[in-house]
Amino acid sequence: MGDIKTVVRTEVDINGRSYFLAPGQDPGDVKRRIQEAEQGTFVELMVVGGRSVSVLMSSGTQVVVTTETVEVESEGGEPYDTGFDAF
């Protein structure tokens, strides 16, 4: 058996709509650009399960960024599977 493979998965929730960042996209850069556009402040939280959560505090937009390390299930496994079938 080989080593367990992991990948960092980042989810950005904007006003109740959820988006997963593509592999290689820098979450820090995304948060910086959102913060500049909205003129708010991110509050960083560490939550149970080893996840980090960043919440944008602003008057007009709700943004939550969640980052967690997940195992890749198998060779070619898709760590970004949302549980929904593609059309």
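Only this structure's heavy atoms are used, side chains among them; waters, hydrogens and symmetry mates stay out.
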Thr61: what forms a side chain to side chain donor-acceptor pair (under 3.5 Å) with it, not counting sequence neighbours?
Glu38
Test your reading of the model: is there a side-chain donor-acceptor pair from Asn15 to the backbone of Gln62, 3.5 Å cut-off?
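Yes; judged by distance alone, with no hydrogens or angles, the pair exists.
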Between atom NZ of Lys31 and atom CG of Asp26, what is the distance when rounded to the nearest 0.5 Å?
9.5 Å
OG1-CZ distance between Thr69 and Arg9, expressed to the nearest 0.5 angstrom:
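Between atom OG1 of Thr69 and atom CZ of Arg9 there are 10.0 Å.
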Search all heavy atoms of Leu56 against all heavy atoms of Gly40 and return the closest pair with its distance.
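Residues Leu56 and Gly40, closest heavy atoms: CD1-C, 3.8 Å.
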Judged by modelled atom types alone, do Ser54 and Glu44 share a side-chain donor-acceptor pair under 3.5 Å?
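Judged by distance alone, the side chains do pair up.
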Does the side chain of Thr67 reach to within under 4.5 Å of the side chain of Val8, using non-hydrogen atoms?
yes
Decide side-chain contact (heavy atoms from CB on, under 4.5 Å) for Leu21 and Val30; before the verdict, give the C-alpha distance in whole Å, the side-chain angles of both, and the deciding distance to 0.1 Å.
CA-CA 9 Å; Leu21 295 186; Val30 171; 4.1 Å; yes
So if you build clusters from Ile, Leu, Val, Met, Phe, Trp, Tyr with side-chain heavy-atom gaps below 4.5 Å, do [X] and [Y] land together?
| X | Y | value |
| --- | --- | --- |
| Val53 | Met46 | no |
| Val63 | Val43 | no |
| Met57 | Val64 | yes |

Could you tell me whether Arg33 atom CZ has more than 12 heavy atoms of other residues or ligands within 6.0 Å of it?
yes
